[in-house]
Amino acid sequence: QMVASLKPPLFHLPGNHEHVAAYRNDIPPTTPGWGKGLYREVFGPTHYAFNYAGVHFVALDGSRFVANKLVWDMPTECLEWLKAYLAQVPAEEPLVLLIHEPFTTLPGKAEVEEALEGRKVLLALSGHGHAIARWTFAGAPEIMAGATSYAWHGVNFGPNALGYHLVKITGDGFDSAFGDWAE
């Protein structure tokens, strides 16, 4: 209901809370929808790309299962897909990378950076953490936008206070701002 009035297309990206029963030892992996199954059923692939206004937006999966336990690392199939996708994209075309868990904290980040070497990465966007932070990844800024639900941040915010991160891609980079949903 909250996003129904948005006019631009809405793209989904899985995070650690979208994996059904990932933290429950009493639910077997054979259960329908377990892990990433329900996400894929409802929203589609966990990694994909789309073009908008001459920019390649590349959505990546930042978690995988090892012995039925969720770990923060890019799945092999996602990394292989990224390499295959980039092989079809001219190196000078701009990229914006999207992931839930920050690239900076990914155990396999060096492999991802290697795949992006020589590419025009404008920006990497991540979430997961409950704060706004900036780093560098693959030679470009990475912004962790923080939780859009302020309820995570404590009692100073109302129970339904929400925020958003707005990014405008420009000819030579981007402009970025974080704001309160009510404003």
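Since the model is a prediction, treat every value here as computed from it, not as a measurement.
Nearest heavy atom pair, residue Phe178 against residue Ala145, reads CE1-O, 3.2 Å. The two residues Ala91 and Gly118 make their nearest non-hydrogen contact at CB-O, 3.7 Å.
Hydrophobic clustering, with ILVMFWY side chains joined whenever heavy atoms are under 4.5 angstrom apart, keeps Met144 apart from Phe103.
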- request: Please assess Leu116 against Leu97 for the test side-chain contact (heavy atoms from CB on, under 4.5 Å), listing each intermediate value before the final yes or no.
  value: CA-CA 10 Å; Leu116 294 163; Leu97 308 173; 3.5 Å; yes
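Here CD of Glu18 is found 7.0 Å from NE2 of His100. Values are rounded to the nearest 0.5 Å. In this structure, CG on Leu106 lies 7.0 Å from CD on Glu101, to the nearest 0.5 angstrom.
For the pair Met74/Ile99, a side-chain contact is recorded, criterion being any heavy-atom separation below 4.5 Å from C-beta on. Using a 4.5 Å heavy-atom cutoff, the side chains of Ser63 and His19 are in contact.
With hydrogens and angles disregarded, no donor-acceptor distance shorter than 3.5 Å links the side chain of Lys109 to the backbone of Phe137. In this structure, the side chain of Arg119 engages the main chain of Val89 through a donor-acceptor pair within 3.5 Å.
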Tabulate below the donor-acceptor pairs under 3.5 Å that side-chain atoms of residues 78-88 make, not counting sequence neighbours, or state none.
unit_1 : atom_1 : unit_2 : atom_2 : d
Tyr85  : OH     : His56  : ND1    : 2.6

Under 3.5 Å, which donor-acceptor pairs do the side chains of residues 64-71 form with other protein atoms, sequence neighbours left out?
unit_1 : atom_1 : unit_2 : atom_2 : d
Arg64  : NH2    : Asp73  : OD2    : 3.4
Lys69  : NZ     : Asn25  : OD1    : 2.3

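Applying the ring pair (Phe, Tyr, Trp, His ring centres under 6.0 Å) criterion to Trp72, with sequence neighbours excluded, gives His128. By the ring pair (Phe, Tyr, Trp, His ring centres under 6.0 Å) test, Tyr39 pairs with Phe43, sequence neighbours left out. In this structure, the side-chain hydrogen bond (donor to acceptor under 3.5 Å, both in side chains) partners of Thr104, at least two apart in sequence or on a different chain, are Glu142.
By the 6.0 Å contact criterion, CD on Glu77 is enclosed, its count of non-hydrogen atoms from other residues, nucleotides or ligands being greater than 12.
Applying the 4.5 Å side-chain rule to ILVMFWY residues, one finds Phe11, Leu13, Tyr48, Tyr52, Val55, Phe57, Val96, Leu98, Leu122, Leu123, Leu125, Ile143, Val167, Ile169, Phe174 in the same cluster as Phe50.
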